[in-house]
Amino acid sequence: MAQQLLGKQLVRQLPGGLRISGEIAETEAYLGLEDPACHSFSGKITPRTSTLYLPAGHSYVYFVYGMHHCFNVVCGDQSQPEAVLIRALRITEGWEQILASRGHEPLSPRQRETVASGPAKLCRALSIDLSLNRLDLTTSEQIFIEEPRGAEALPKPGLGPLGFMALPRVGIDYAGDAALWPLRFVLA
DNA sequence: ATGACGATTTACT
DNA sequence: GTAAATCGTCATA
């Protein structure tokens with residue numbers, strides 16, 4: 001699932017139909033009960049992790065470090081509390097909305113490239129917070145996933161036949177060896 | 001009610 | 001490379 005989400009469009013629709021969207025460029029898989037890095041590891045159920053037991057295709061948004069949000073797509077069913085963390089987006093639509101949410105402070109070209117490079121940064125860019133937790137991504141008007149259009153739909157050169165790289169996961173040192181599992185997937 | 005921590009980001013040395 | 005920011009979440013009491 002984490003691999004297949006690469007290249008798809010994550011779409012945020014704000015009140016009034018205003019859209020912010022971007023190409024999913026980096027994902028990370030969390031393998032549920034048997035993954036020490038997964039919030040649902042060993043079957044732990046709390047108010048927060050209960051979201052992971054929703055049917056596949058729901059959103060899992062959580063709050064970390066006192067200031068950041070992270071967005072996941074729930075995978076698996078009740079017995080498979082798994083998720084894919086979306087780690088980076090290349091913004092393709094909605095710059096006016098992004099700029100507006102930042103008080104119309106100008107962004108350099110470099111800042112535009114990296115405005116959604118990171119799980120928390122992408123949530124800030126798309127105005128994703130806990131109010132978007134537990135939503136059905138197949139029916140929600142607020143947040144959903146689309147097939148890529150235009151240039152985004154073309155195959156990516158230079159990364160071999162699969163079109164992505166697999167790398168160790170980030171920010172989960174407490175999980176020991178599991179951090180080294182190649183479950184982080186990066187597009188060109 | 002309390003305390004420790006976090007699937008991060010940023011700024012600064 | 002180190003550190004601070006900052007609060008929801010959860011285990012403990």
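Below, chain A is the first sequence line, B the second, and so on; all start at residue 1.
Between the P atom of dA11(C) and the CZ atom of F41(A) lies a distance of 14 Å, rounded to the nearest Å. Rounded to an integer number of Å, the gap from H68(A) NE2 to dT9(C) P is 16 Å. Here the P atom of nucleotide dT8(B) and the CD1 atom of I172(A) are 9 Å apart, to the nearest Å. Summarising the geometry, the separation between CD on E26(A) and C1' on dT8(B) is reported as 13 Å, rounded to the nearest angstrom. Nucleotide dT8(B) holds its P atom 7 Å from the CD atom of E28(A), rounded to whole Å. As rounded to whole Å, 11 Å separates atom C1' of dC5(B) from atom NZ of K44(A). Taking atom CG on L122(A) and atom P on dT9(B), their separation rounds to 9 Å, with Å as the unit. Atom CZ in F63(A) sits about 6 Å away from atom P in dG8(C), given to the nearest Å.
The side chain of Y60(A) contributes no N or O atom lying less than 4.0 Å from OP1 or OP2 of dA7(B). Of the side-chain N and O atoms in R48(A), none sit less than 4.0 angstrom from OP1 or OP2 of dG6(B).
Stacking here means ring centres nearer than 5.5 Å and ring planes tilted less than 30 degrees, and by that measure Y30(A) stacks onto dA7(B).
Across all strands shown, the partner of dT8(B) is dA5(C), judged by Watson-Crick or G-U wobble contacts whose two distances both fall under 3.5 Å.
If you check distances only, the side chain of Y65(A) never reaches the base of dA5(C) with a donor-acceptor pair under 3.5 Å.
Checking T92(A) against Q9(A) by side-chain atom types alone, a donor-acceptor pair falls below 3.5 Å. Residues S127(A) and D129(A) have side chains that never bring a donor and an acceptor to within less than 3.5 angstrom of each other.
Classification of the Y60(A)-Y62(A) ring pair by plane angle, with boundaries at 30° and 60°, yields tilted.
Using a 4.0 Å heavy-atom criterion, one finds that A120(A) contacts the sugar-phosphate atoms exclusively. At a threshold of 4.0 angstrom between heavy atoms, the contacts of L85(A) include nucleobase atoms, whether or not backbone atoms are also involved. R169(A) comes within 4.0 angstrom of nothing in the nucleic acid, heavy atoms only.
In the set dT9(C), dA5(C), dA7(B), the nucleotide with an atom closest to the side chain of M67(A) is dA5(C).
A distance of 10.0 Å separates CG of L54(A) from CG of L135(A), quoted to the nearest 0.5 Å.
Residues P81(A) and L33(A) form a side-chain contact, since some pair of their non-hydrogen atoms from C-beta on lies under 4.5 Å apart.
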